[in-house]
Peer 1: 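Take this structure first; my questions come after.
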Amino acid sequence: MNWMDHGLSIEIIPPKEFNFNECLVFLGRSENEILHQIRAGYLYKLVKINGELILLKIGSTSQSIHVEFPIHTPSKSVLGGVAEYVWEWFDLDQELGAFYQMARQDRVLASIADKYYGLRIMCIPDLFEALTWAIIGQQINLTFAYTLKKRFVEQFGECQTFKGQTFWFFPTYEKIASIEVSDLRELQFSVRKAEYVIGIAQAMTSGQLTKEDLLQQQEYQLVHRTLTAIRGVGAWTADYVMMKCLHHPAAFPIADVGLHNALKLQLGLERKPTIEEIRELASDWNSWQAYATFYLWRSLYE
DNA sequence: ATCCAGGAACTGT
DNA sequence: ACAGTTCATGGA
């Protein structure tokens, strides 16, 4: 992690292959997103550092990312925590040189890797949020998924208001562990999804499920098995969470409908490819499947 | 109206 | 192991 403490703000020096504006395009894909806002080239997000809610205002020059604090005067330890958070959110530990080298030779990826150069996987550092968002998104269209997430966050999350704008923080698992299935049914969750989300919240509250344990397990197969043992988490959700939260570059949600649509579009196919055809197309993506998938998702929003 | 959506568990064979 | 069914509702 490479960053500087400027007292009332911080400056983060990302690796070479990084383009803030490409990341903003991805973050701005839904009007109904409630967990961050984009205004005049700045990204606003409410985060929790050392148990304290902090509003971030994030901008970028060609060489660096800078973070300001519109509401708070941050302490030293908060500044460090914020740098860590932003570094992880933008997936800045990845060195993408090898990805672009592979992608340039790849029939599917060549054009989009060039077109979206510098785009990073926009991560979901909070494990509970990553799992919940994946479960919400199962088998419904993305627009409705955002609507459900918005209701969920507004009902059970925390917020701060600044200059007439309200900024939201995702509900904690402790909070969700104490609610009932009927509370989520009122928001139009299905009974199943409500059970899954509350069950995961309870497992996390009791300490049975932690991000630290999953990070420590490291090996793809082991983590994947641990995740799919959770009720509500199948192969797709496990790969989604490994990609967006646990930073596994080989995570590959191969059954994803968005991936299928993007491949169809990129290759000009008349129908969506089969799983076997995708395995063939992806045969050279070794250890970059997550980035390949993310760039293909990006290609769906122009 | 009809089909599908960033799936997964459950049931029956 | 594998295939079919159910869940649940909005968007296009």
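A note on names: the letters A, B, ... follow the listed sequences, proteins ahead of strands, and every chain is numbered from 1.
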Peer 1: Look at the rings of A:F18 and A:F90 and say which category their plane angle falls in: under 30° parallel, 30 to 60° tilted, over 60° perpendicular.
Peer 2: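 The arrangement is perpendicular - the two ring planes meet at more than 60°.
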
Peer 1: Give me the distance, rounded to whole Å, that separates C:dG11 from B:dA8 when you measure between the P atoms they each carry.
Peer 2: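 Straight-line distance between the two P atoms is 22 Å.
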
Peer 1: For the pair made of CG in A:N261 and P in B:dC4, what is the distance, rounded to whole Å?
Peer 2: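 It works out to 11 Å between those atoms.
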
Peer 1: Grab the CD-P distance between A:Q138 and B:dA5 for me, whole Å please.
Peer 2: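 Rounding to the nearest Å, CD of A:Q138 and P of B:dA5 are 15 Å apart.
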
Peer 1: More 5' along DNA chain C: A:T143 or A:V191, using each one's nearest nucleotide?
Peer 2: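 The residue closer to the strand's 5' end, by nearest nucleotide, is A:V191.
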
Peer 1: Ignoring the backbone of A:R231, work out which of B:dA5, C:dG10, B:dA9 is nearest its side chain.
Peer 2: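 Among B:dA5, C:dG10, B:dA9, the one nearest the side chain of A:R231 is B:dA9.
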
Peer 1: Distance check needed: B:dA8 C1' versus A:I140 CD1, whole Å only.
Peer 2: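 About 13 Å, once rounded to whole Å.
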
Peer 1: Using a cut-off of less than 4.0 Å, is there contact between a side-chain N or O of A:R192 and OP1 or OP2 of B:dG7?
Peer 2: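 Indeed not, no polar side-chain atom of A:R192 lies that close.
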
Peer 1: Rounded to the Å, how far apart are A:L142 CG and C:dT9 P?
Peer 2: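 Rounded to the whole Å, the gap is 19 Å.
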
Peer 1: Base, sugar-phosphate alone, or nothing: which one does A:A145 contact when heavy atoms must sit under 4.0 Å apart?
Peer 2: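 Nothing: the residue A:A145, judged by heavy atoms under 4.0 Å, touches no strand.
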
Peer 1: Using a 4.0 Å heavy-atom cut-off across all strands, classify A:K244 as base, sugar-phosphate, or nothing.
Peer 2: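 Answer is nothing: A:K244 stays at 4.0 Å or more from every strand.
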
Peer 1: Checking all strands, does A:Y196 fall into the base, sugar-phosphate, or nothing category for heavy-atom contacts under 4.0 angstrom?
Peer 2: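 Since only primed, P, OP1 and OP2 atoms lie under 4.0 Å of A:Y196, the category is sugar-phosphate.
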
Peer 1: When the distance from CG of A:D239 to C1' of B:dA8 is rounded to whole Å, what number comes out?
Peer 2: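 Result: 14 Å.
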
Peer 1: Closer than 4.0 Å, any side-chain N/O of A:Q139 to the OP1 or OP2 of C:dA8?
Peer 2: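 Negative; the distance criterion is not met.
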
Peer 1: Under a 4.0 Å threshold between the charged nitrogen and the carboxylate oxygen, would A:E276 count as salt-bridged to A:R279?
Peer 2: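 Here A:R279 pairs with A:E276 in a salt bridge, since their nearest N and O are under 4.0 Å apart.
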
Peer 1: Find the distance A:K150:NZ to C:dT9:P and express it as a whole number of Å.
Peer 2: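 My rounded result for the distance is 19 Å.
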
Peer 1: For A:I254, report the nucleic acid contact type (base, sugar-phosphate, nothing); a contact means any heavy atom under 4.0 Å.
Peer 2: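 The residue A:I254 makes no contact with any strand.
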
Peer 1: Between A:G232 and A:N141, which is nearer to the 5' end of DNA chain B once each is assigned its nearest nucleotide?
Peer 2: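 The answer here is A:N141.
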
Peer 1: Please round to the nearest 0.5 Å and tell me the distance separating atom CD of A:E88 and atom CG of A:D126.
Peer 2: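 One finds 10.0 Å between CD of A:E88 and CG of A:D126.
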
Peer 1: Taking only side-chain N and O atoms of A:K193, does any of them lie within less than 4.0 angstrom of OP1 or OP2 on C:dT6?
Peer 2: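 False: A:K193 side-chain N/O out of range (4.0 Å or more) of C:dT6 OP1/OP2.
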
Peer 1: Has A:T147 got a side-chain N or O lying under 4.0 Å from the OP1 or OP2 atom of C:dG10?
Peer 2: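 Indeed not, no polar side-chain atom of A:T147 lies that close.
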
Peer 1: Which nucleotide wins on minimum distance to the side chain of A:S190, given the candidates C:dG10, B:dA5, C:dA8?
Peer 2: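 The answer is C:dA8.
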
Peer 1: Output the rounded distance in Å from CG (A:L184) to C1' (C:dC7).
Peer 2: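 Value for this atom pair: 16 Å.
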
Peer 1: Any side-chain N or O of A:R185 below 4.0 angstrom from OP1/OP2 of C:dC7?
Peer 2: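 For A:R185, the contact criterion (side-chain N or O under 4.0 Å from OP1 or OP2 of C:dC7) is not met.
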
Peer 1: Considering only NZ, NE, NH1 and NH2 on the basic side and carboxylate oxygens on the acidic side, decide whether A:E52 and A:K48 come within less than 4.0 Å.
Peer 2: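 Answer for the salt bridge query: no.
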
Peer 1: With no hydrogens and no angle check, is any side-chain donor or acceptor of A:T132 less than 3.5 Å from a backbone partner on A:E129?
Peer 2: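 Not confirmed, A:T132 side chain does not pair with A:E129 backbone.
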
